[in-house]
Chemist: 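I'd like to ask you about the structure that follows.
We use all heavy atoms of the structure for the numbers below, so side chains are in, but hydrogens, waters and symmetry mates are not.
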Amino acid sequence: TTGRDRPDGPQLPAAQPSPLTSGDCWEGEPALSPDGQRVAYASNHDGQFDLDVVAVAGGAPLRLTDHPASDRKPAWFPDGNTLAFVSRRQGRDDIWVTGRFGDGARLLLNDADDPAISPDGLNLAFTRRDLSGKGRVFVADLDRLDTPRQLTHNSQQGLWDHREPAWSHDGRR
């Protein structure tokens with residue numbers, strides 16, 4: 001059963017989806033802004049992956065990045081003014097940040113993928129390859145990125161990569 005069918009669960013409103021994008025290219029990896037007003041996403045309009053943002057109410061998308069390297073996997077900071085994303089600008093996956101209007105990208109963390117910003121904006125969860133070569137989940141304080149803590153290890157389903165971390169609503173897990 002779904003949340004709508006359970007008598008003890010919350011009643012979800014009926015939804016009517018409407019398209020936000022209509023390009024003749026790949027568009028995906030959407031990230032809804034904290035205020036619910038914008039969606040950042042990756043697209044390959046020009047044959048390379050860059051980030052765009054579009055208002056939920058509709059309108060033309062705004063190009064956030066325009067770089068020959070692949071820019072993907074946007075993640076909003078809680079302030080709604082900053083986005084983290086993954087770029088291959090240095091030949092490997094690194095996490096970068098930019099403003100919501102694409103105002104200057106800067107490197108945040110080397111050798112990292114799948115950014116997830118904690119609800120309080122103080123921590124970054126991400127994936128990185130460990131010594132076994134498998135993707136594992138790490139977390140670091142944003143003011144001390146040089147000392148990340150590895151959260152998952154080989155003993156936890158060691159045959160598989162651990163990817164795409166997401167924070168609990170309260171930021172404790």
Chemist: So which atom in C25 and which in N44 form the shortest heavy-atom distance, rounded to 0.1 Å?
Modeler: CB-OD1, 3.2 Å
Chemist: Partners of E164 by side-chain hydrogen bond (donor to acceptor under 3.5 Å, both in side chains), sequence neighbours excluded?
Modeler: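 E164: no side-chain hydrogen bond (donor to acceptor under 3.5 Å, both in side chains) contacts found.
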Chemist: Can you find a heavy atom in the side chain of F77 that is under 4.5 Å from one in the side chain of V97?
Modeler: yes
Chemist: What residues form a salt bridge (Lys or Arg N to Asp or Glu O under 4.0 Å) with R63, not counting sequence neighbours?
Modeler: D46, D50, D52
Chemist: Between E29 and A42, what is the shortest heavy-atom contact and its length?
Modeler: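 That would be OE1-CB, 3.5 Å.
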Chemist: What heavy-atom pair brings L51 and P74 nearest, and what distance separates the two atoms?
Modeler: CD2-CD, 3.9 Å
Chemist: What residues form a ring pair (Phe, Tyr, Trp, His ring centres under 6.0 Å) with W167, not counting sequence neighbours?
Modeler: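 Per chain and number, W167 pairs via ring pair (Phe, Tyr, Trp, His ring centres under 6.0 Å) with no residue.
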Chemist: Nearest 0.5 Å please: distance from the CZ atom of R173 over to the OG atom of S118.
Modeler: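 Those atoms lie 13.5 Å apart.
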Chemist: Taking the side chain as every heavy atom from C-beta outward, state whether R149 and D141 have any pair of such atoms under 4.5 Å apart.
Modeler: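 Touching, per the 4.5 Å side-chain cut-off.
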Chemist: Could you check whether any side-chain heavy atom of D120 comes within less than 4.5 Å of a side-chain heavy atom of P78, counting everything from C-beta outward?
Modeler: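 No, too far: nothing below the 4.5 Å cut-off.
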Chemist: Hey, mind stepping through L108 and W96 against side chain to side chain contact (heavy atoms under 4.5 Å, CB included) and telling me if it holds?
Modeler: CA-CA 5 Å; L108 183 65; W96 291 66; 5.8 Å; no
Chemist: Test of understanding: with salt bridge (Lys or Arg N to Asp or Glu O under 4.0 Å), list the residues that count as partners of D93, not counting sequence neighbours.
Modeler: R88
Chemist: Going by ring pair (Phe, Tyr, Trp, His ring centres under 6.0 Å), name the residues that satisfy it together with Y41, two or more places apart in sequence or in a different chain.
Modeler: none
Chemist: Check side-chain hydrogen bond (donor to acceptor under 3.5 Å, both in side chains) between D111 and all other residues, then give those that pass, not counting sequence neighbours.
Modeler: none
Chemist: With the 4.5 Å side-chain cut-off for hydrophobic clustering, are V139 and L142 part of the same group?
Modeler: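 They do not share one cluster, since no chain of ILVMFWY contacts under 4.5 Å joins V139 to L142.
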Chemist: Within the structure provided, determine whether K73 and I95 are in side-chain contact (heavy-atom separation under 4.5 Å).
Modeler: no
Chemist: Test R89 against every option in D71, D94, T65 by the side chain to side chain donor-acceptor pair (under 3.5 Å) rule and name the one that passes.
Modeler: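 Passing option: D71.
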Chemist: Looking at R129, R92, R128, R163, which one forms a side chain to side chain donor-acceptor pair (under 3.5 Å) with D113?
Modeler: R163
Chemist: What are the two closest non-hydrogen atoms of P165 and T127, and how far apart are they?
Modeler: CD-CG2, 3.8 Å
Chemist: Grouping I, L, V, M, F, W and Y whenever their side-chain heavy atoms are under 4.5 Å apart, do L109 and I117 come out in a common cluster?
Modeler: yes
Chemist: Under 4.5 Å between side-chain heavy atoms, hopping through other hydrophobics if needed: is there a path connecting F49 to L64?
Modeler: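 Different hydrophobic clusters.
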Chemist: Taking all heavy atoms of P30 and all of V39, pick out the closest pair and write down the distance.
Modeler: CB-CG1, 3.8 Å
Chemist: Would you say V137 and D114 make side-chain contact, with heavy atoms under 4.5 Å?
Modeler: no
Chemist: Do Q90 and N110 make a side-chain contact, defined as non-hydrogen atoms from C-beta onward lying under 4.5 Å apart?
Modeler: yes
Chemist: Output the distance between atom CG (N123) and atom CZ (R144), rounded to the nearest 0.5 Å.
Modeler: 9.0 Å
Chemist: Anything under 30° is parallel, anything over 60° is perpendicular, the rest tilted; go ahead and classify F126 against F138.
Modeler: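 Because their plane-to-plane angle is under 30°, the rings of F126 and F138 count as parallel.
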Chemist: Hey, are the side chains of E27 and V54 touching, using non-hydrogen atoms and a 4.5 Å cut-off?
Modeler: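 They are not in contact (no side-chain heavy atoms under 4.5 Å apart), so the answer is no.
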Chemist: Work out which heavy atom in V56 is nearest to a heavy atom in G36; give both atom names and the distance.
Modeler: CG2-O, 3.4 Å
